[in-house]
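See below for the structure under consideration.
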Number of protein chains: 2
Amino acid sequence: MTSHENEDERVVQVLAQLASSGHRITNPRRHIVAALVAAGGHMTAEEVAVAVQAHDPSVHLATVYRTLETLERSGVVIHIHLGHGRAIYHLADSSHYHLYCQVCGSVQEIPQAALDNLFATVARSYDFEPSLGHFAILGTCGHCMARSGSKGRNSGGTSPESIA
Amino acid sequence: MTSHENEDERVVQVLAQLASSGHRITNPRRHIVAALVAAGGHMTAEEVAVAVQAHDPSVHLATVYRTLETLERSGVVIHIHLGHGRAIYHLADSSHYHLYCQVCGSVQEIPQAALDNLFATVARSYDFEPSLGHFAILGTCGHCMARSGSKGRNSGGTSPESIA
DNA sequence: TTTATTGCAAATTATTTGCACATCA
DNA sequence: TGATGTGCAAATAATTTGCAATAAA
């Protein structure tokens, strides 16, 4: 029950920040924030809708999209793209990047600092400021790598035979 | 005119590879390949269609999509996602990553080798094999960076105040 | 000939929008 | 009360698919 209380607290926090951004606190918004907090992570808009509708079936998917956008503009939610059109949303508590396994669909988070060097290199060498924050890094996780007999089907060719 | 001849040659090469993959050489396919070669780079499916239709208006967008997929399966074309749903296609001649400026929409290519070391590090640390090949690295190019008075609106937070 | 390809229209998927009604501050 | 938010249905945008007609090998 303690985690439950923590969750409730977090919900209140988020709603407070929403309110302080000049937005109203409504029932759909309460449910949507609660769903995000409960999931503790990555959800598609539709997954949010399903979770919310378990509590209140009248909440419409369009409202979920609009609320998610509002939450994002208020800085409490972030969305990233996993590739083929679908976006996933999560609370903006920690700054991290996402490693998305194209094989099993798992999402691993890595601290932003992990890629600082990479970004610095790109910025320096190519006069370009990367912002992977809203984008996942696609690839294959170790699990799937092992399963497929070290024969990664990775669509790019990160493999040895890079033609450079 | 020399570059024209080179282009023609390249078109023949690509069509040959397509044929050797067991596919038929048709008029739409000739035009589509020619468009990709002429553009020398990144095009959306619709841009390809427009270019093709300048030569033969009867070629349908659906055919462009199907041909692009066929070309990709034959290994002569690659597509990457720039973010919001749109995919871009290009010939698979050189292995490179794409730096996509979210502000002006420009795409800069960087050789794959440039980031290999860094990615290898990620792979080692997180047991994950990235394949940015089919994905662009989003961010802001130097131009737009300067234009916006060093006040990057980059959605992630690549900025100093990383919360780690 | 006979199987791959094409054109066209209709279907999908993910998301957005117009609008009249409901509701929060 | 009066602006903000909501449900619903319809609109988009990008891409895919069924199918009968067409063309390559």
Side-chain angles (χ1 to χ4, degrees), chain A residues 12 14-33 35 42-50 52-53 55-74 76-89 105 134-136, chain B residues 12 15-33 35 42-50 52-53 55-74 77-89 105 134-136:
Chain A
V12 171
V14 172
L15 290 175
Q17 186 165 346
L18 187 61
S20 75
S21 307
H23 294 105
R24 293 181 179 171
I25 306 306
T26 66
N27 232 32
R29 287 178 176 179
R30 262 185 277 268
H31 287 307
I32 289 165
V33 170
H42 317 95
M43 308 178 84
T44 64
E46 195 158 351
E47 285 168 350
V48 173
V50 169
V52 167
Q53 284 160 0
H55 293 278
D56 181 345
S58 75
V59 177
H60 198 277
L61 178 57
T63 300
V64 172
Y65 274 108
R66 278 188 282 226
T67 296
L68 252 12
E69 201 198 324
T70 301
L71 289 170
E72 196 157 12
R73 278 214 269 256
S74 299
V76 282
V77 155
I78 277 177
H79 85 272
I80 62 168
H81 294 277
L82 289 188
H84 310 94
R86 231 173 198 97
I88 62 173
Y89 298 80
H134 280 48
F135 246 76
Chain B
V12 171
L15 290 175
Q17 186 165 346
L18 187 61
S20 75
S21 307
H23 295 104
R24 293 178 181 176
I25 305 307
T26 67
N27 231 34
R29 287 178 176 180
R30 262 185 277 267
H31 287 308
I32 290 166
V33 170
H42 315 96
M43 307 178 85
T44 65
E46 195 157 351
E47 286 168 348
V48 172
V50 168
V52 166
Q53 285 160 1
H55 293 278
D56 180 348
S58 74
V59 177
H60 198 276
L61 178 57
T63 300
V64 171
Y65 274 108
R66 278 189 281 227
T67 295
L68 251 13
E69 201 199 324
T70 301
L71 289 170
E72 195 155 14
R73 277 214 270 257
S74 300
V77 156
I78 276 176
H79 85 273
I80 62 169
H81 295 276
L82 290 188
H84 310 94
R86 232 176 197 93
I88 61 172
Y89 298 80
H134 279 49
F135 246 77

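Reminder, nothing fancy here: chain letters follow the sequence lines and each chain counts from 1. Because the structure is a prediction, the values reported are computed rather than measured.
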query = Between atom CD1 in Ile25(A) and atom P in dA3(D), what is the gap in whole Å?
reply = 20 Å

ask   = When the nearest nucleotide of DNA chain C is assigned to Ala62(A) and to Thr26(A) on a heavy-atom basis, which residue is associated with the more 5' position?
value = Ala62(A)

remark   = Which of Leu15(B), Leu18(B), Val52(B), Val12(B) passes side chain to side chain contact (heavy atoms under 4.5 Å, CB included) with Arg30(B)? Answer is Leu15(B)

query = Under the 3.5 Å rule, do the base of dG18(C) and the side chain of Arg66(A) count as making a donor-acceptor pair?
reply = yes

task = In whole angstrom, give the distance that lies between atom CD1 of Ile88(B) and atom C1' of dT15(D).
result = 16 Å

ask   = If you check the Arg29(A) side chain, which of dG18(C), dT16(D), dG5(D) turns out closest?
value = dG5(D)

key: Of the listed nucleotides dG5(D), dC8(C), dT15(D), the one nearest the side chain of Ala87(B)   = dT15(D)

task = Any chance you could measure His55(A), atom NE2, to Ile32(A), atom CD1, to the nearest 0.5 Å?
result = 12.0 Å

query = Quick one: Leu68(B) CG to dT5(C) C1', roughly how many Å, whole number?
reply = 15 Å

ask   = What is the distance from CD of Glu69(B) to C1' of dT6(C), rounded to the nearest Å?
value = 15 Å

key: Nucleotide dT6(D), atom P - distance to CG of Asp56(A) in whole Å   = 11 Å

ask   = Which residue, His23(B) or Leu61(B), contacts DNA chain D at a nucleotide closer to its 5' end, judged by nearest heavy atom?
value = Leu61(B)

task = Name the closest nucleotide to the Tyr65(A) side chain, picking from dG7(C), dT17(C), dT16(C).
result = dT16(C)

task = Would you check if Asp56(B) and Val59(B) make a side-chain contact, meaning some heavy-atom pair closer than 4.5 Å?
result = yes

task = Whole angstrom is fine here: how far is it from NE2 in His31(B) over to C1' in dT5(C)?
result = 15 Å

inquiry  = Taking any heavy-atom pair under 4.0 Å as a contact, classify Ser58(B): base, sugar-phosphate, or nothing.
reply    = sugar-phosphate

remark   = Between CD of Glu46(A) and C1' of dT12(C) the distance, given in whole Å, is 13 Å

Separation of atom CE in Met43(A) from atom C1' in dT15(C), rounded to whole Å = 18 Å

request  = Return the nearest nucleotide to the side chain of His60(B); candidates are dT3(C), dA9(C), dT16(C).
outcome  = dA9(C)

task = Evaluate the side-chain proximity of His23(A) to Arg29(A): yes if any heavy-atom separation is below 4.5 Å, no if none is.
result = yes

key: 5'-most by nearest nucleotide on DNA chain C - Ala19(A) or Tyr89(A)   = Tyr89(A)

ask   = Taking all non-hydrogen atoms of both residues, which atom of Met43(A) and which atom of Glu47(A) are closest, and how far apart?
value = CA-OE1, 3.2 Å

query = Which nucleotide in the set dC8(D), dA23(D), dT4(D) lies at the smallest distance from any side-chain heavy atom of Arg24(B)?
reply = dA23(D)

